[in-house]
Amino acid sequence: MGNFDGMCGTSRSFFARDVLEVAPALLGCVLQRTDAEATISIRITEVEAYAGERDPGAHSYRGMTNRNKTLFGPPGHLYCYFTYGLHHAINIVVGQLGQPYGCLIRAGDVIEGARVARERREQKPRKVPLPEHGLARGPGCVAQSFGVNLTNDGDDLFAGQWRFFGSRDGVVLPHVVGPRVGVSGPGGDAAAFSWRYWLANASSVSTYKPARA
DNA sequence: CCAACGATTAACT
DNA sequence: GTTAATCGTTGGT
């Protein structure tokens, strides 16, 4: 495993561009992590762009903190954070060094390692069975399927456990654009920040929930 | 120091 | 549609 039809390895410079250019280009790409337990490969179906100092919805809007310092580092690394006291979520760091841009990976199709991903997602008993397309549906579910936590914050996606596969010809797949999920305040303004991108026909795309005022 | 809240999820009415 | 779960980070005092 590890090779995908029409896909190939990508260089770090793919991520060293503006986040509004990179975010839609991530759709259909495959992110892969191999640890002692398994190899998990996820085909990205939903992302959101966060544009640092020009984005009031971004963690990095008010400058560097201990939590968000990875965003200020080189592109092509993993920004992992913990939220709501329960969940982890992952970004890919985007932009030139020092531009604190990130793409939140909101959903994807688990195309390799689904058995282990399901074990991780079903550690707590559930009332209704988890469908295959629900394994990595939602940011917390993506992180849990990969089995990542805060110790993975800053991981280099071009080394160690991680691989990233883009489309061979760099084509951006047809997609849908809309307002971001769960962003309150000015950054949630749908007209100014419709920076959520998803594949229209993907069943793993999370259901839309508007942010509270 | 402390209070508020969050780039969420799953279950419930 | 509404709400509990659960805690680190953040920003103000």
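In what follows, chains carry the letters A, B, and so on, assigned in the order in which the sequence lines appear, proteins first and then strands, with residues in each chain numbered from 1.
- In this structure, the CZ atom of A:Phe82 is 19 Å from the P atom of B:dC5, given to the nearest Å.
- A straight line from CD1 of A:Ile105 to C1' of B:dA7 spans 12 Å, rounded to a whole angstrom.
- Going from atom NZ of A:Lys127 over to atom P of B:dC12 covers 4 Å, rounded to whole Å.
- Here the P atom of nucleotide C:dA4 and the OH atom of A:Tyr84 are 15 Å apart, to the nearest Å.
- Under the 30°/60° scheme for interplanar angles, the aromatic rings of A:Phe82 and A:His88 are found to be tilted.
- Comparing A:Thr65 and A:His87 along DNA chain C, the residue whose closest nucleotide (by nearest heavy atom) sits nearer the 5' end is A:His87.
- When distances run from any side-chain atom of A:Tyr50 to the nucleotides C:dA5, B:dA7, B:dA10, the shortest one goes to B:dA7.
- Using a 4.0 Å heavy-atom cutoff across all strands shown, A:Arg121 reaches sugar-phosphate atoms only and no base atom.
- Linking ILVMFWY side-chain heavy atoms closer than 4.5 Å, directly or via other members, places A:Met64 and A:Tyr61 in two distinct hydrophobic clusters.
- To the nearest angstrom, P of C:dT9 lies 7 Å from CG of A:Leu150.
- In this structure B:dA7 sits in no base pair that meets the Watson-Crick or G-U test at under 3.5 Å.
- With C:dT10, B:dT8, C:dG11 as the choices, the nucleotide that has an atom nearest any side-chain atom of A:Arg62 turns out to be C:dG11.
- At whole-Å resolution of the value, NZ in A:Lys69 and C1' in C:dG8 are 13 Å apart.
- The side chain of A:Val128 sits closest to B:dA11 out of B:dT8, B:dT9, B:dA11.
- Across the C1' atoms, B:dC5 and C:dT3 are found 16 Å apart, a figure rounded to whole Å.
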Test side chain to side chain contact (heavy atoms under 4.5 Å, CB included) on A:Arg12 and A:Asp156 and set out the steps. CA-CA 10 Å; A:Arg12 190 180 305 279; A:Asp156 188 352; 3.1 Å; yes
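- Between the CD atom of A:Glu46 and the P atom of B:dT8 there is a distance of 10 Å, given to the nearest Å.
- Side chains of A:Ser204 and A:Asp109: a donor-acceptor N/O pair is present below 3.5 angstrom, by distance only.
- No engagement by A:Gly187 is indicated, since no non-hydrogen atom pair under 4.0 Å with the nucleic acid exists.
- Side-chain nitrogen and oxygen atoms of A:Arg126 include at least one within less than 4.0 Å of the OP1 or OP2 phosphate oxygen of B:dA10.
- A salt bridge is defined here as a Lys NZ or Arg NE, NH1 or NH2 lying under 4.0 Å from an Asp or Glu carboxylate O, and A:Arg118 with A:Glu132 meets this definition.
- Remark: A:Arg67 is in phosphate contact with C:dT10, judged by side-chain N or O atoms under 4.0 Å from OP1 or OP2.
- The phosphate of B:dG6 has OP1 or OP2 within less than 4.0 Å of a side-chain N or O from A:Ser184.
- Contact annotation: side chain of A:Tyr81 to base of B:dA7, donor-acceptor pair present below 3.5 Å.
- Remark: C:dT6 base-pairs with no nucleotide in the shown strands. Criterion, Watson-Crick or G-U wobble with two distances under 3.5 Å.
- Separating the CG atom of A:Leu130 from the P atom of B:dT9 is a distance of 12 Å, rounded to the nearest angstrom.
- Partner of A:Tyr101 under the side chain to side chain contact (heavy atoms under 4.5 Å, CB included) criterion, chosen from A:Gln96, A:Glu53, A:Arg17: A:Glu53.
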